Amino acid sequence: MPDKVQRVKGVNDILPVEARQWQVLEAVIQKVMNRYAYGEIRPPIFEKTELFARGVGEDTDIVSKEMYSFSDLGGSSLTLRPELTAGVVRSYIQNNLQQISPVQKLWYEGPMFRQERPQKGRYRQFWQFGAEAIGSPNPEQDVEMIALFYAILKELGITDSVTLKINSVGDTESRTAYRSALQDYLKPHLSELSETSQARFESNPLRILDSKAPQDKELVKDAPKIRECLNEASANHYDQVLSMLKDLKIPYTQDDLLVRGLDYYTHTIFEFTSDALGAQDAICGGGRYNDLVKELGGNDVPAIGWASGIERLLLVVEAIKPMNTDPVLDLYLVVLGDELRIKAPQLVRDWRDQGLSCDADALRRSMKAQMREANRQGARFVAILGEDEFSQGVVQLKNFESGEQETVAFDQVAKTVLNSLSERSEES
Ligand code: AMP
C-alpha cells in the first residue's frame, strides 16, 4: 500500500463538527462588525517579503525567524502573511482608500502563517480576525476599537473569563525618553540579562520588559515605568482612553510590562487574555500605530487595530460556554425498494429548492439503516416512500420528535415541514 500523506506539522484540519463552531463565531463577528460600521477587506494571502520586513519590523520574532518566505519563478521574494495589519495598510495606500472617507474602518478574517514551535493554542497556520481604523488620532477611536472586541466577547458570553490588559507606549518623544531611562537602568546589569535581552539592549530595549527569562523578569520588576515617561499629550491621550473605558464599564488592568511584540505601536496598546487557556493565553492583541501608514509610503495618517486568534477564542468558548453543535437536518427521505431509488434525487432536489435542508441515502441501505442515518444527522422529519406511496404521489411524513405520522402529497411536504418547524421555534 502506498504511504499515507500526513498533514504538515502545526496545521489543523477543521472538520465539519468544528466548522459548525467556526460558523457560529463567524456569524457573531459579522454581526458585531456591521453594528460598529466596519467594512470587510480581503487582502491576498501572500505579499512581497519587503512589506513585512518594513511593516512588522526586522527585529521582531515574526520577521527574524518565523516567516514562510519563498522565491517565485520570477525570483521575487514572497511571504505567506504572518499577520494582516501590514497587508491592510498596503491595500489602504495602494487603493487610495483615504479618498473614499477620512476614516476607514476595516475588518478581516483569514489564515496567517508563522513558523513557531507548535503547542496547544499555537499553530503554524492559524486564523485571525481583526479590525483596523485608519484616520483618527483621537482616544475615542481607541475606545471604540476595544469596545468592538469586547462586544464580540459579550455575544459569546465569555467576558467574565477574559482580562483586558492595557498600557501606553506614548508618542515617539515619550518612547525615546523611556528608551533612554530603561537603558540607563539596565546598563549596570547588562551581563545579568538573558542572551536575547542583551542582544535587544541596543536594538529594541522595550522588548526586554516582556521577556520570559526569569533573570530578566527579576530585573525589570524595579525598572522605570513607561507611564512615568509619557509627555503631556501622550499622558492626556491615555487618561482619556481609561476614563472612557470606565464610562463604557469595560474592566481593565493596567500592565506596565505590556509592550507587545511588534515594533510599530504608539500610544495605547492592549491585550485580552483568558485564564481558561494554558501558556498561550492571549486571545487578542492590538494597539495604535500612528507611524505605520507613513512608513509604508502613505500619508501621515494615524491608525489603530487589533487581531484575535480564532482557534484560541474557540478554546475559551469550549471551556466556558460550549456551543451546541449537534447536527440538524429538516428532513431525511427514506426509500423502500431499489426500483424507487432513482426517484429520490428529484424529490429531494425539489424539497431543497423549496428551502428544506434535506438528505437521502445513496448506498441503497435497508430501511433500518436509513432511519439510523436520519437520526445521526439530527433529522426533524423523515419522509418514507414505498411503492404504494409513490403510485399515489405521497409520502408518510413522520415527526421524529413527537412520533406523529401523516400522509402528505409530494408538493406539500416542504410547506408542511417548514410550517411545523416555524411553529416550534415560535413556541420556544
Ligand atoms: P499577534 O499578531 O501576535 O498580536 O497575535 C494576535 C492574536 O493571534 C493572539 O492574541 C492569538 O490569539 C493569535 N495568535 C498569534 N499567534 C498564534 C499562533 N501561532 N497560533 C494560534 N494563534 C495565534
Side-chain angles (χ1 to χ4, degrees), residues 7-14 18 21-22 25 29 43 47 51-52 55-57 59-68 79-89 107-132 145-146 148-150 152-153 156 158 161-167 169 204 206-207 210 212 255 258-266 268-289 292 303-320:
R7 64 172 174 263
V8 174
K9 201 170 136 193
V11 307
N12 297 307
D13 294 309
I14 299 153
E18 290 157 80
Q21 301 180 347
W22 285 61
L25 174 59
I29 295 168
E47 298 268 3
L51 175 70
F52 303 111
V56 179
D59 193 45
T60 58
D61 288 349
I62 293 181
V63 174
S64 63
K65 49 188 188 205
E66 294 170 1
M67 293 206 300
Y68 282 99
T79 293
L80 298 182
R81 62 190 186 194
E83 57 100 65
L84 241 175
T85 301
V88 169
V89 170
W107 75 274
Y108 60 79
E109 183 207 333
M112 310 295 153
F113 306 85
R114 295 183 195 171
Q115 212 158 150
E116 295 192 87
R117 205 164 39 79
Q119 65 179 87
K120 188 173 182 199
R122 188 165 69 193
Y123 312 107
R124 292 183 166 177
Q125 173 178 311
F126 60 98
W127 286 62
Q128 282 185 340
F129 66 100
E132 317 285 351
M145 263 292 157
I146 293 171
L148 171 62
F149 187 68
Y150 197 74
I152 291 171
L153 296 178
L156 296 170
I158 56 171
S161 49
V162 169
T163 306
L164 164 61
K165 295 178 184 160
I166 190 164
N167 194 13
V169 289
N204 197 348
L206 267 65
R207 286 292 315 276
D210 71 354
K212 300 273 180 294
D255 183 347
L258 181 69
V259 289
R260 310 238 334 109
L262 311 183
D263 277 353
Y264 50 54
Y265 290 114
T266 52
T268 317
I269 50 176
F270 54 91
E271 203 160 80
F272 285 85
T273 57
S274 173
D275 48 22
L277 295 173
Q280 301 303 320
D281 66 350
I283 54 166
C284 174
R288 183 165 272 290
Y289 52 93
L292 185 63
I304 178 162
W306 52 254
S308 170
I310 293 193
E311 290 88 345
R312 280 195 211 166
L313 198 55
L314 286 175
L315 285 173
V316 178
V317 170
E318 206 172 278
I320 306 297

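For reference, positions follow the sequence shown, starting with 1. Counting starts at 1 for both ligands and their atoms, following the listed order. Just so it is clear, the model here is predicted, and its values are computed rather than measured.
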If you measure every N or O of [X] against every N or O of ligand 1, does any of those distances drop under 3.5 Å?
X      : answer
Ser308 : no
Ala307 : no
Gln128 : yes
Ile62  : no

Heavy-atom pair with the smallest gap, counting every atom of Phe270 and Ile304: CE2-CD1, 4.4 Å
Under 3.5 Å side-chain donor-acceptor pair for Ser308 and Gln128: no
Residues Arg288, Met145; criterion side-chain contact (heavy atoms from CB on, under 4.5 Å); working and verdict: CA-CA 10 Å; Arg288 183 165 272 290; Met145 263 292 157; over 6 Å; no
Region of Glu271 that comes within reach of ligand 1 [heavy atoms, distance under 4.0 Å]: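 None of Glu271 does.
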[atom1]-[atom2] distance between [X] and [Y], expressed to the nearest 0.5 angstrom:
X      : Y      : atom1 : atom2 : answer
Phe113 : Thr79  : CZ    : OG1   : 11.5 Å
Glu311 : Arg122 : CD    : CZ    : 13.5 Å
Ile283 : Glu271 : CD1   : CD    : 10.0 Å

Residues in side chain to side chain donor-acceptor pair (under 3.5 Å) contact with Arg7, at least two apart in sequence or another chain: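 Counting only residues at least two positions away or on another chain, Arg7 forms a side chain to side chain donor-acceptor pair (under 3.5 Å) with Asp13.
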Glu311 near ligand 1 by a heavy-atom separation under 4.0 Å: no
Contact with ligand 1 for Glu83, non-hydrogen, under 4.0 angstrom: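 Under 4.0 Å: no for Glu83.
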Ligand 1 atoms in contact with [X] (distance to a heavy atom under 4.0 Å):
X      : result
Ile283 : 10 (O), 12 (O)
Cys284 : 10 (O)
Tyr123 : 18 (C), 19 (N), 20 (N), 21 (C)
Arg114 : 1 (P), 2 (O), 3 (O), 15 (C), 16 (N)
Ala282 : 9 (C), 10 (O), 11 (C), 12 (O)

Any residue meeting ring pair (Phe, Tyr, Trp, His ring centres under 6.0 Å) with Phe52, in chain and number order, not counting sequence neighbours: none
Option of least heavy-atom distance to atom 18 (C) of ligand 1 (set: Phe129, Phe126, Phe113):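 Looking at heavy atoms only, the winner is Phe126.
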Worked verdict on Phe129 versus Tyr108 for ring-ring contact (aromatic ring centres under 6.0 Å, His included): CA-CA 5 Å; Phe129 66 100; Tyr108 60 79; 8.4 Å; no
